[in-house]
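Written out below as structure tokens is the structure these notes cover.
FYI, side chains are in, hydrogens and waters are out, and symmetry mates aren't considered; it's all heavy atoms of this structure. Chain letters run A, B, ... following the sequence lines, proteins first and then strands; every chain starts at 1.
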Protein chains: 2
Amino acid sequence: MGETQKTPHKKLYLQVYDDICKYIASNNLKPGDHLPTEMEMCQKLGVSRTILREAIKSLEITGVIRSRPGIGIIIQSFSTDRFFSCLIDSMYISGDDHLEDDVEQMRKVIELGFSAQAFDTLSQEDISKIESILNDMKHAAEVQIRSKSKIFGLSFAEADARFHQTIFSKIPNKLVLSIINFFWAYDRKFKIKQPSSRHLRITLDKHEKIYNALMEHDKKMFMEAMEYHYSYDYKEKS
Amino acid sequence: MGETQKTPHKKLYLQVYDDICKYIASNNLKPGDHLPTEMEMCQKLGVSRTILREAIKSLEITGVIRSRPGIGIIIQSFSTDRFFSCLIDSMYISGDDHLEDDVEQMRKVIELGFSAQAFDTLSQEDISKIESILNDMKHAAEVQIRSKSKIFGLSFAEADARFHQTIFSKIPNKLVLSIINFFWAYDRKFKIKQPSSRHLRITLDKHEKIYNALMEHDKKMFMEAMEYHYSYDYKEKS
DNA sequence: AAATATTTGTCCGTATGTATC
DNA sequence: TGATACATACGGACAAATATT
């Protein structure tokens, strides 16, 4: 029988977690396929329903599977979203300020590293979309400067994020896009401080330069604009 | 009482998961600190032990906390290891071949992007360590070429990984190192195919060039060697 | 439309293993 | 050696959601 072995004290639910992973892989289950029912798996693995559920929920929180009443347990298609969501929770908990710089640096390296490829993949349509986002940014900045106060600068920051996401949206590398998404989600969770008017104007200028380069289909100019975007005088964001 | 609200059908264990995250953050709990006991939290949140445990295990699998019998539930220090471990499990399950290229590309961008910084941080001691690792690689390659067959080239691959890990080991950016660790763990899980003798020799040469540049403290040469290392004629690994 | 079977969601009670004092 | 406090693990019961007939 499928007795999980009593290896020196590895927690049962972790063994079950591994067993289920192996089951999925070895039976070549694809997204949309069903796992056996909880009861069946309990019997097959010789564990209680409590333990099985702990393993199931651990797989669900990272987005590998999804369980629904009356339906069963379904394999999800691969995505990094849930992982990054958990990662952000964990960073939030850790309260480690230093992480902010680490993330910023990593973001710079990744965006610059994929800039050339991104440039090649952008269509005229994408560029129009970027133009429209840039206008959103301008508008949000104006509003924010006029009502010169603690008003939550979310719409500017969100447009900023969409600007970057759109630039890299056509790259045929799922990881890149999901990591850039992660950076944005990270910002939304941690960057509460209100940028100054001066900072807003500088940021706007940086993004305009990027857009202009795209308009003129000038790759060299685009790369320079991206470099410029990430050249903080000191601790300038986005 | 702390009744978790019945917002439209968010699963209870997920609410509890969030509640615990918030509890840790708002009480400013640090690594090593204890969470209240299961029973206490059950009462405070008004949920059953089953639900609470599902949330606890979900937090444990991602490395946020650790629970031990007779002791309690303890906050862990922040680390990305568990996340990447889960991510690899998920990639393994997904069986998506395309991911392999995505990871490879990402690795290239990150390592090259941090090469300059890595060069500046390496001490003579580190360089000696790299030399010793390079010798391990040579030795492993010889063994592998002589016994020209399916023998698992793990020791070569492991030395290869250590080579890269050591280069970036002194960078003051936790994320970089843990992502490079992730790449290596990924390789170990997925790259089963045996490299050819020719490939081994090329790989060795690439790493020798990197080491020579370090020996001579020649940054430009180092950067070129890193570039060369990542210039596949096609689909050449590491 | 309505009844029924299936499956997960949630709770409870009890016993066991482990660490601390 | 106990006594205590804690997580680990089991099994049963009922509720809620969904699918099927």
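Using a 4.5 Å cut-off on side-chain heavy atoms (C-beta onward), B:L87 and A:F78 make contact. Proximity of A:L134 to A:K138: side-chain heavy atoms (C-beta onward) are separated by under 4.5 Å at one or more points. Proximity of B:E111 to B:I180: side-chain heavy atoms (C-beta onward) are separated by under 4.5 Å at one or more points.
Rounded to an integer number of Å, the gap from NE2 of B:H34 to C1' of D:dC6 is 10 Å. Rounded to an integer number of Å, the gap from B:K10 NZ to D:dA17 P is 17 Å. As rounded to whole Å, 11 Å separates atom C1' of D:dC10 from atom CG of A:L12. Whole-Å rounding puts the A:L45 CG to D:dG11 P distance at 13 Å. For the pair A:M39 CE and D:dG11 C1', the interatomic distance rounds to 9 Å; values are reported in whole Å. Atom CD in B:E60 sits roughly 10 Å away from atom P in D:dA9 (whole-Å rounding). Following rounding to the nearest Å, B:E38 (CD) and C:dC12 (P) show an atom-to-atom distance of 14 Å. Across the protein-nucleic acid pair, B:K57 atom NZ and D:dT8 atom C1' stand 8 Å apart, rounded to whole Å.
Among the nucleotides D:dA9, D:dA7, C:dC11, the one closest to any side-chain atom of B:I51 is C:dC11. The listed nucleotides are C:dT7, C:dC12, D:dC10; the one nearest the side chain of A:T37 is C:dT7. Of the candidates C:dT8, D:dA7, C:dT20, C:dT20 carries the atom nearest the B:I71 side chain, counting heavy atoms from C-beta on. Closest to the side chain of A:P69, from the set D:dT8, C:dT8, D:dC10, is C:dT8. The side chain of B:S48 has C:dC11 as its nearest neighbour among D:dC10, D:dA7, C:dC11.
A side-chain donor-acceptor contact under 3.5 Å links B:R107 and B:Y230.
Of the residues near DNA chain C, A:T50 and A:R68, the one whose nearest nucleotide (by heavy atom distance) lies more toward the 5' end is A:R68.
Counting non-hydrogen atoms under 4.0 angstrom, B:I56 reaches nothing in the nucleic acid.
A close approach under 4.0 Å does not occur between any side-chain nitrogen or oxygen of A:S67 and OP1 or OP2 of C:dT7.
Rounded to the nearest 0.5 angstrom, B:E60 CD and A:I61 CD1 are separated by 13.5 Å.
You'll find a donor-acceptor pair under 3.5 Å spanning the side chain of A:R49 and the base of C:dT10, going by distance alone.
Checking C:dA1 for Watson-Crick or G-U wobble geometry (two distances, each under 3.5 Å) identifies no partner in any strand.
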